[in-house]
There are 2 protein chains.
Amino acid sequence: MITTKKKRNTLQKTKILEYLHSVHTHPTAEVVYENIKKKIPMISLGTVYRILNALADDNEIIKLEVNGEFRYDANNCGHIHLICTKCGIISDREMNKKLDLNFSDFSVHCFSLIIKGTCKKCSRRVK
Amino acid sequence: MITTKKKRNTLQKTKILEYLHSVHTHPTAEVVYENIKKKIPMISLGTVYRILNALADDNEIIKLEVNGEFRYDANNCGHIHLICTKCGIISDREMNKKLDLNFSDFSVHCFSLIIKGTCKKCSRRVK
DNA sequence: CTGATTGCAAAGGGTTTGCATTGGA
DNA sequence: TCCAATGCAAACCCTTTGCAATCAG
């Protein structure tokens with residue numbers, strides 16, 4: 001059994017969580033960094049990454065991957081994330097049907113399904 | 001209208017597709033590279049990446065992201081990909097229920113749902 | 001006090017790209 | 001012949017890390 005080490009609440013962590021709860025844009029670490037800098041000018045990108053990853057590990061937020069970079073989202077279970085693989089935009093949808101997500105050998109952290117495809121705007125651009 | 005430039009069939013591309021159709025392991029570009037090298041010793045990693053991305057763009061294969069790296073899979077629609085965010089293992093499941101994946105403003109390329117969580121083995125390791 | 005957390009900057013590592021060469025149609 | 005595709009290696013760029021300083025509990 002790995003002992004959980006005690007965690008501290010810092011201004012950096014508080015502000016980042018606050019920010020994530022205030023937006024619905026699935027920001028990248030870079031975007032979070034730029035916004036937190038307005039309130040904590042001396043914060044560093046590395047710290048933002050560390051806090052975001054820690055929060056994701058604790059399942060307080062969701063970590064998504066789109067086109068080679070990570071995006072973070074305050075935990076909203078029960079949503080479907082539609083990710084356009086062309087432009088990277090992410091839109092949330094409600095599930096219109098109960099999904100049977102009970103697997104005997106796999107524990108789903110959260111009902112946030114990720115579906116990739118092409119959004120309306122991008123599909124207009126004929127290949 | 002963007003004109004589609006004509007494509008050529010090369011040994012490299014043929015072998016890579018052949019390989020992807022022969023496995024069910026969702027290999028990384030690196031793994032594909034190592035395996036193709038057995039047949040085409042002089043092939044380069046860059047070429048593997050270029051071919052894999054081209055195939056994914058043409059929707060001939062699926063490009064998945066797990067823990068910061070890409071994995072490729074011969075197109076198998078109608079599957080659920082269970083991705084363990086701890087160890088990165090990917091297992092396929094059949095869908096036991098028809099999903100309503102018709103969105104008015106989003107075209108789903110393929111019914112390959114990606115669900116992240118923790119596999120049995122990793123969940124045994126208590127945090 | 002203690003040691004978890006931060007800032008800074010360098011290192012890491014998967015992926016992309018520029019360019020000369022090769023080779024498919 | 002023509003230009004897409006390749007090989008090679010350097011460049012990219014997002015993310016992670018080491019370390020000394022800092023600060024929450």
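Because only heavy atoms are used, hydrogens play no part in the values below, and waters and symmetry mates are left out as well, while side chains stay in.
Distance, B/Lys13 NZ to D/dA5 P: 7 Å, rounded to whole Å. Note: CG (A/Leu52) to C1' (D/dT16) measures 13 Å, nearest angstrom. Per the geometry, CG belonging to B/Asp57 stands 14 Å off C1' belonging to C/dT15, to the nearest Å. To the nearest angstrom, P of D/dA24 lies 13 Å from CD1 of A/Ile51. Rounded to a whole Å, the CD1 atom of A/Ile16 is 8 Å from the P atom of C/dT6.
Looking at residues two or more places apart in sequence or on another chain, you find no side chain to side chain donor-acceptor pair (under 3.5 Å) involving A/Lys13. Considering only residues two or more places apart in sequence or on other chains, A/Thr14 meets the side-chain contact (heavy atoms from CB on, under 4.5 Å) condition with A/Glu18. Residues meeting the side chain to side chain donor-acceptor pair (under 3.5 Å) test with B/Asn9, sequence neighbours left out: none. Scored by the side-chain contact (heavy atoms from CB on, under 4.5 Å) test, A/Ser44 finds A/Thr47 as partners (sequence neighbours excluded). For A/Val23, the side-chain contact (heavy atoms from CB on, under 4.5 Å) partners are A/Tyr19, A/Thr25, A/Pro27, not counting sequence neighbours. Applying the side-chain contact (heavy atoms from CB on, under 4.5 Å) criterion to B/Ile40, with sequence neighbours excluded, gives B/Leu11, B/Gln12, B/Lys15, B/Ile36, B/Met42, B/Ile43.
Residues from residues 27-37 of chain B with heavy atoms under 4.0 angstrom of DNA chain C: there are none. Sorted by residue number, the members of residues 41-49 of chain B with any non-hydrogen atom under 4.0 Å from DNA chain D read B/Met42, B/Ile43, B/Ser44, B/Thr47.
In this structure, CG in A/Leu64 is found 6.0 Å from CG in A/Asp73, a value given to the nearest 0.5 Å. Note that CZ of A/Phe106 is 10.0 Å distant from CD1 of B/Ile89, once rounded to the nearest 0.5 Å. To the nearest 0.5 Å, atom OH of residue B/Tyr72 and atom CG of residue B/Asn53 are 4.5 Å apart. The distance from atom CD1 of A/Ile16 to atom CG of A/Leu52, rounded to the nearest 0.5 Å, is 5.0 Å.
In this structure, B/Asn53 does not reach the C/dT15 phosphate: none of its side-chain N or O atoms is under 4.0 Å from OP1 or OP2. Close to C/dG7, at under 4.0 Å from its OP1 or OP2, lies a side-chain N or O of A/Gln12.
When all heavy atoms of B/Gly68 and A/Glu65 are compared, the pair lying nearest together is N-OE1, 2.8 Å. Between B/Ala74 and B/His21, the shortest heavy-atom contact is CB-ND1, 3.5 Å.
Counting only residues at least two apart or on different chains, the salt bridge (Lys or Arg N to Asp or Glu O under 4.0 Å) pairs with a member in residues 35-53 of chain A are A/Glu34-A/Lys37.
Taking 4.5 Å as the limit, some side-chain heavy atom of A/Asp92 sits within range of a side-chain heavy atom of A/His26. Residues B/Thr28 and B/Val66 fail the side-chain proximity criterion, which asks for heavy atoms closer than 4.5 Å.
The bend of the helix from C/dC1-D/dG25 to C/dA25-D/dT1, defined by the angle between the axes of its first five and last five pairs, stands at 50° to the nearest 10°.
When the side chains of ILVMFWY residues are joined at heavy-atom separations under 4.5 Å, either directly or via intervening members, B/Ile51 and B/Leu17 end up in a single hydrophobic cluster.
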Any protein N or O atoms within reach of nucleotides 19-22 of chain D? Criterion: under 3.5 Å, listing atom names and distances.
none

**Request:** List the protein contact pattern of nucleotides 20-25 of chain C with one symbol per nucleotide (5' to 3'): B for base contact, S for sugar-phosphate-only contact, - for none; contact means a heavy-atom distance under 4.0 Å.
**Result:** ---BBS
